[in-house]
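One structure below.
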Amino acid sequence: MYRSHPVSDLFTSPPGTPVTIAGWVQTIRDHGGLLFIELRDRSGRIQCVVDAKDNRLLEEAAKTLRDEWVISLHGTVGMRPEGTVNASVAGGDREVRVTQLTILNSAKTPPFPVGTSEEVSESLRLTYRYLDMRSPRLLEALRFRSELTALIRNHMTACQFWEIETPLLTRSTPEGARDFLVPSRLEKGSFYALPQSPQLFKQLLMVGGLERYFQIARCFRDEDLRADRQPEFTQVDIEASFLTRDKFLGIIEELFCDIFQKFRGETLSRPFMRLTYDEAMNRYGSDKPDLRYDLPIVDLTDLARNTQFSVFTSAVAAEEGTVRGIRYPGGAALSRKEIEDLTAWAMGQGAKGLAWIKSETGGLASPILKFIPEEVQKGVKERLEAQPGDLLLFIADTRKTALRILGALRQHVAERAGLIDRAKTSLFWVVDFPLLEWNPDEKRYEAIHHPFTAPHPDDLGILSETPEKTRSLAYDLVLNGTEVGGGSLRNHELELQRRIFDLIGLSEEEATRRFGFLLEALSFGAPPHGGMAIGLDRLAMILLGRDSIREVMAFPKTQKGSCLLTEAPSPVDGGQLKELGIRLS
RNA sequence: GGGGCCGUAGCUCAGCUGGUUAGAGCGCUGGCCUGUCACGCCAGAGGUCGCGGGUUCGAGCCCCGUCGGCCCCGCCA
């Protein structure tokens with residue numbers, strides 16, 4: 001027998017319990033004749049004692065042990081003598097008195113300290129991921145993720161959703177992200193693509209009458225990486241038939257209530273807040289604002305018109321021109337240099353400049369005040385609800401640019417001013433996204449969500465005349481300023497789907513060539529349906545408070561998409577390429 | 001495609017204005033030690049300063065290129 005208990009069970013075992021435990025040697029403290037072996041398994045660590053005066057041979061064997069060797073120990077649980085209790089660790093009040101030691105495997109000296117909190121470069125940890133995994137930090141993340149996945153699976157199954165797998169070898173759909181391609185041997189010159197998401201399949205499942213589907217689905221996108229983006233990642237993919245948008249959102253809300261109850265002990269109130277896209281953009285300059293703090297963006301265009309400040313007046317005179325501002329609580333304390341840095345930061349975001357006014361106990365202060373009439377100053381102060389000690393910041397630009405920069409500035413300011421309460425949860429829906437967006441480069445409309453998204457029924461009348469003003473039935477779920485999920489109701493009527501394809505400049509032949517199978521499916525009695533995809537990795541990352549998605553994946557890739565452990569991607573030998581009919585240029 | 005930060009012993013780092021033999025702590029190896037828990041004490045080994053080129057009497061340090069890691073913009077329906 002290798003073991004009778006996981007280590008953490010011993011923390012509550014009564015003294016005298018005979019136990020066999022197995023794991024890795026965390027450390028050995030050799031006092032010459034008396035040895036302490038700290039044994040680690042995935043559940044925890046326990047101190048084990050070997051005493052030469054009880055068993056000299058055992059003590060000699062124990063002396064040969066080294067860190068990270070794999071051993072099995074037999075002994076009895078005992079309480080530590082008075083004065084030797086370590087209150088700072090779990091199980092620090094007891095120890096295992098060893099009577100038998102089996103060496104299961106030796107180990108080379110690890111390239112970095114294993115299982116400690118010491119910081120080691122991430123690239124080294126990725127190269128030896130299996131060693132890094134032995135640390136509580138990574139074990140906790142992987143255990144949490146497993147429990148999260150289990151809860152989602154149980155919840156969805158209990159709600160009558162069926163878990164269905166969809167193909168990983170599928171066809172390329174050039175709309176959207178870049179595909180990873182897989183060459184076909186049987187049909188040389190043709191390629192499969194790895195799915196960016198199971199989007200089309202889940203709609204086909206609805207046409208197939210499955211009514212409620214979900215999947216913990218791996219997705220692949222060949223785009224540049226970020227701290228929260230990997231080339232392969234996991235989505236909780238969901239689709240359902242015969243549900244209105246609000247009914248469907250309710251189902252997702254129940255899932256998130258379950259998640260927050262179990263993992264945060266937090267009871268979320270339903271329904272979740274619904275923010276329209278327009279509200280989110282106008283008030284917070286982002287379609288995924290962090291509402292753990294408010295700090296709204298304020299429109300000052302009408303006031304700016306009545307100044308002699310040419311930056312403002314010329315911006316306002318331009319098409320779509322606007323002046324908007326934001327409060328930086330406590331920002332009046334910033335030095336000239338700090339304000340310059342802030343300006344440089346804003347310009348890095350694409351701002352042409354950053355106008356500012358300090359709100360002090362004595363009144364306002366700023367180099368631009370001389371261009372601003374008294375009553376306009378008063379209006380600005382009131383509208384921004386400026387308190388003494390605040391710094392007021394202004395961007396004059398087109399509406400779109402001004403909002404985007406102020407949205408970024410809002411986040412930046414909140415971080416700097418320490419306005420973000422980490423204990424808070426901000427979870428809400430953003431709804432009524434626009435359906436389409438004009439792409440000036442390609443001179444055509446593009447789907448904002450994806451081309452299967454249904455237009456808002458109230459806007460069907462304006463779809464043809466002003467496509468860009470048409471709202472859609474798309475929705476995003478935003479958690480603490482991160483989009484954790486998004487979806488939409490789909491076009492289940494063939495004619496409407498054809499109209500959308502037409503609007504995004506997809507000719508009938510092209511639409512048939514790419515999505516003919518879907519269009520045909522829609523013609524065979526597709527039910528009203530819609531769904532959503534939740535980013536499982538991101539959700540786990542946020543719930544654990546980690547700042548990188550790599551922290552919640554067992555084997556993540558680097559920013560250049562390589563796996564330092566397996567050294568993928570790698571060249572392949574000529575024979576393999578020949579078989580596939582591929583010649584490298 | 002673009003911007004920024006980083007690369008010195010197994011690990012984490014220091015290394016001044018370019019100066020002679022590149023250091024520390026931890027780890028490792030050997031020895032001692034019977035209540036430690038970052039055990040302690042003694043001794044020892046350990047370096048392609050990421051790589052290539054250049055400037056210089058002289059480069060870990062300056063310049064150019066390159067490789068790798070991280071963060072960001074673009075990109076990610």
Side-chain angles (χ1 to χ4, degrees), chain A residues 26-38 45-54 56 59 63 66-68 78 80-89 91-93 95 97 108-114 116-128 131 173-179 196-197 199-200 219-231 233 344-345 347-350 404 408 412 433-437 439 441 445-453 472 474 476 483 486-488 500 504 506 533 535 547-548 550 556-562 564 567:
Chain A
Q26 175 66 42
T27 183
I28 296 174
R29 293 181 287 272
D30 181 355
H31 287 253
L34 183 72
L35 277 106
F36 300 98
I37 303 166
E38 220 173 279
R45 295 162 189 194
I46 189 92
Q47 172 168 292
C48 308
V49 197
V50 173
D51 195 330
K53 92 176 177 290
D54 298 337
R56 249 186 50 93
E59 189 258 352
K63 271 189 186 312
R66 292 292 179 271
D67 288 1
E68 298 308 316
R80 294 193 193 176
E82 228 184 291
T84 65
V85 167
N86 184 350
S88 61
V89 296
D93 58 346
E95 59 196 11
R97 313 227 157 95
K108 291 203 287 186
T109 300
F112 58 87
V114 171
T116 73
S117 54
E118 188 173 330
E119 294 218 3
V120 178
S121 78
E122 191 173 8
S123 57
L124 192 68
R125 291 193 282 113
L126 288 177
T127 307
Y128 297 93
L131 295 181
T173 51
E175 198 79 14
R178 212 172 280 124
D179 286 319
Q196 297 171 28
S197 83
Q199 182 60 36
L200 295 168
C219 304
F220 306 86
R221 293 179 191 175
D222 188 8
E223 295 295 342
D224 288 354
L225 309 183
R226 290 286 188 281
D228 62 351
R229 267 164 34 189
Q230 282 274 305
F233 59 99
W345 183 88
M347 289 172 80
Q349 301 290 314
R404 182 177 58 75
H412 188 68
F433 277 82
L435 183 68
L436 304 165
E437 186 179 38
N439 181 330
D441 295 333
Y445 286 102
E446 273 180 348
I448 287 209
H449 184 54
H450 59 53
F452 317 109
T453 301
S472 73
D476 275 357
E483 178 201 325
S488 64
I500 305 290
I504 63 173
L506 207 60
D547 46 21
S548 156
R550 297 183 297 277
K557 294 182 174 57
T558 69
Q559 196 162 49
K560 286 203 177 138
S562 67
L564 296 179
E567 297 184 312

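We name chains A, B, ... by the order of the sequence lines, and we start the count at 1 in each one.
Across all strands shown, B/rC62 pairs with B/rG54; the Watson-Crick or G-U wobble distances both stay below 3.5 Å. Pairing of B/rG25, defined by two Watson-Crick or G-U wobble distances under 3.5 Å, is identified with B/rC11. Shown here, B/rG68 forms a base pair with B/rC6; the pair counts as Watson-Crick or G-U wobble because both key distances fall under 3.5 Å.
For A/Ala227, the side-chain atoms get nearest to B/rC72 when compared with the rest of B/rC33, B/rU34, B/rC72. Here the nucleotide nearest the side chain of A/Arg80, chosen from B/rU12, B/rC76, B/rC37, is B/rC37. When the nucleotides B/rC76, B/rC71, B/rC37 are ranked by their closest atom to the side chain of A/Glu223, B/rC76 comes out on top. If you check B/rC33, B/rU12, B/rG10 against the side chain of A/Pro111, the one that comes closest is B/rG10. Of all nucleotides listed (B/rC39, B/rC72, B/rU34), B/rC72 comes nearest to the side chain of A/Arg226. Closest to the A/Arg229 side chain, of the nucleotides B/rG69, B/rG35, B/rC76, is B/rC76. If you check B/rU36, B/rG69, B/rC75 against the side chain of A/His31, the one that comes closest is B/rU36.
Heavy atoms of A/Thr84 sit under 4.0 angstrom from at least one base atom. Residue contacts shown for A/Asp51 include a base, since a base heavy atom lies under 4.0 Å away. In this structure, A/Gln349 reaches neither bases nor backbone, as no heavy-atom distance under 4.0 Å exists between it and the strands shown. As judged by a 4.0 angstrom heavy-atom cut-off over every strand, A/Pro81 is placed among the base-contacting residues. Across all strands, A/Glu95 comes closer than 4.0 Å to base atoms (heavy-atom distances). Base contact: A/Gln47 has a heavy atom under 4.0 Å from a base atom. Counting any heavy atom pair closer than 4.0 Å across all strands shown, A/Ser562 reaches sugar-phosphate atoms only and no base atom. A/Gln559 comes within contact range of at least one nucleobase, with a heavy-atom separation under 4.0 Å. Nucleic acid contact for A/Arg45: none, since no nucleic acid atom lies under 4.0 Å from a heavy atom of the residue. Within 4.0 Å of A/Ser197, counting heavy atoms only, lies at least one base atom of the nucleic acid. Here A/Lys560 lies in heavy-atom contact (under 4.0 Å) with sugar-phosphate atoms only. Counting any heavy atom pair closer than 4.0 Å across all strands shown, A/Ile448 reaches sugar-phosphate atoms only and no base atom. Within the 4.0 angstrom heavy-atom criterion, no nucleotide atom of any strand lies near A/Leu35.
Using the six-membered ring where Trp is involved, A/Phe36 and A/His31 have ring planes that are perpendicular, over 60° apart on the 30 and 60° scheme.
Comparing the same atom, P, in B/rG60 and in B/rG18 gives a spacing of 13 Å after rounding to whole Å. Taking atom C1' on both B/rG10 and B/rC28, the two are 8 Å apart, rounded to the nearest angstrom. Across the P atoms, B/rG74 and B/rG50 are found 33 Å apart, a figure rounded to whole Å. B/rG27 and B/rC72 have their P atoms separated by 35 Å, given to the nearest Å. Comparing the same atom, C1', in B/rU12 and in B/rA59 gives a spacing of 25 Å after rounding to whole Å. Nucleotides B/rC49 and B/rC11 place their P atoms 15 Å apart, quoted to the nearest Å. Nucleotides B/rC63 and B/rU56 are separated by 12 Å at their C1' atoms, to the nearest Å.
Here the CZ-CG distance, from A/Arg125 to A/Leu131, works out to 12.0 Å after rounding to the nearest 0.5 Å.
As a whole-Å value, the separation of A/Trp345 CH2 from B/rC71 P is 18 Å. Atom P of nucleotide B/rC73 and atom CG of A/Asp224 are separated by 11 Å, given to the nearest angstrom. Atom-to-atom, CG of A/Asp228 to C1' of B/rC72 comes out at 12 Å; the value is rounded to the nearest Å.
Ring-to-base geometry does not place A/Phe112 in a stacked arrangement with B/rC11 (centre distance under 5.5 Å, plane angle under 30° required).
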Any N/O pairs under 3.5 Å between the protein and nucleotides 44-47 of chain B? List them or say none.
none

